[in-house]
Amino acid sequence: MKKSIRFNNQKQGTRIAFVFALLFVLGGVQNNLFAQSNQWIAPAGADSYNNPYKGDEKATKAGKKLYTQMCVICHGNKGKGDGMAGMTLKPRPANFTKDDIQKQSDGALFWKITEGKAPMAAYKDVLSEEQRWQLVNYLRTFDK
Ligand code: HEC
């Protein structure tokens, strides 16, 4: 009788250990999902905005000027997200040399500059549409 009780306890112990292991794994999965949903994703409709200044060198140059005035403090000189004012921000400013930025459509980047997302401001009332497209052009120059 005693023996069988001990056996039972051991079985229960194994079961509890299993449940903890499962919770641990599920916790990891949930964390991953959470990290993904934390990414900033533009609405699909933004992909269909056409950049009227695509390939326009003059616009890219104008974008550089704007970038240096307004974006460099957070996103850094080379677009690596390492500007002085960005160091303590959460999340950190985007690194424009990364694939996950460069593979986005011009429309998606335009939408993000337009709408902003704390701690980054929305620029729709500060910059004209033309200026926001100029910035998109300039962001493309950070493609390595
Ligand atoms: C106060 C600091 C700050 C300034 C100034 C700033 N940004 Fe940002 N920017 C951020 C932060 C922080 C993020 C990341 C936001 C996130 O992912 O939640 C970001 C993200 C972005 C993204 C989206 C990248 C992605 O994840 O797809 C774009 C595009 C962008 N910034 C462009 C600009 C442009 C252009 C300017 C200048 C007009 C600018 N930013 C000025 C802080 C800043």
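We count ligands from 1, going down the list as the structure has it; atoms in each ligand are counted the same way.
Of the residues listed (Arg132, Gln102, Arg140), the one engaging Leu109 in a side-chain contact (heavy atoms from CB on, under 4.5 Å) is Arg140, and it is the only one.
For ligand 1, the atoms lying closer than 4.0 Å to a non-hydrogen atom of Pro119 are 1 (C), 12 (C). Using a 4.0 Å cut-off to heavy atoms of Arg92, the atoms of ligand 1 that qualify are 12 (C), 14 (C). The distance from ligand 1 to the heavy atoms of Gln104 drops below 4.0 Å at these ligand atoms: 25 (C), 27 (O). Per-residue contacts place Ile101 under 4.0 angstrom from the following atoms of ligand 1 (heavy atoms of the residue considered): 24 (C), 25 (C), 26 (O), 27 (O).
Here the protein heavy atom with the shortest distance to atom 5 (C) of ligand 1 is Met70 O, 3.4 Å. The nearest heavy-atom contact from the protein to atom 22 (C) of ligand 1 is Trp40 CZ3, 3.9 Å.
Inspection of the Asn51 and Asn137 side chains reveals an N or O donor paired with an N or O acceptor under 3.5 Å. In this structure, a donor-acceptor pair under 3.5 Å is absent between the side chains of Lys65 and Gln134.
For Phe110 and Trp133, the ring centers sit closer than 6.0 Å to each other. Proximity of the aromatic rings of Tyr67 and Phe142 is defined here by a centroid distance below 6.0 angstrom, and this criterion is met.
Around atom CD of Glu57, no more than 12 heavy atoms belonging to other residues, nucleotides or ligands sit under 6.0 Å away. The number of heavy atoms from other shown groups lying within 6.0 Å of CG (Asp100) is above 12. With a 6.0 Å radius and a threshold of 12 heavy atoms from other residues, nucleotides or ligands, Lys117 has its NZ atom above the threshold.
Side-chain atoms of Gln131 come within 3.5 Å of backbone N or O of Ser128 as a donor-acceptor pair.
The closest approach between Pro91 and ligand 1 falls below 4.0 Å for a heavy atom of the residue. Not close to ligand 1: Arg132, with no non-hydrogen atom less than 4.0 angstrom away.
At a 3.5 angstrom cut-off on N or O pairs, Tyr67 does not count as close to ligand 1. Polar contact with ligand 1: present for Lys117 (N/O pair, distance under 3.5 Å).
From Glu115, atom CD reaches atom CE of Met120 across 10.5 Å, with rounding to the nearest 0.5 Å.
With contacts defined as side-chain heavy-atom distances shorter than 4.5 Å, the pair Lys54/Asp106 qualifies.
With a heavy-atom cut-off of 4.0 Å, Gln39 does not touch ligand 1 at all. Proximity of Leu66 to ligand 1, defined as any heavy-atom pair under 4.0 Å, is not found for any part of the residue.
Hydrophobic cluster membership is shared by Leu139 and Trp40, with clusters built from Ile, Leu, Val, Met, Phe, Trp and Tyr side chains linked at under 4.5 angstrom.
Protein atoms of type N/O/S that fall under 2.8 Å from atom 8 (Fe) of ligand 1 number 2 in this view.
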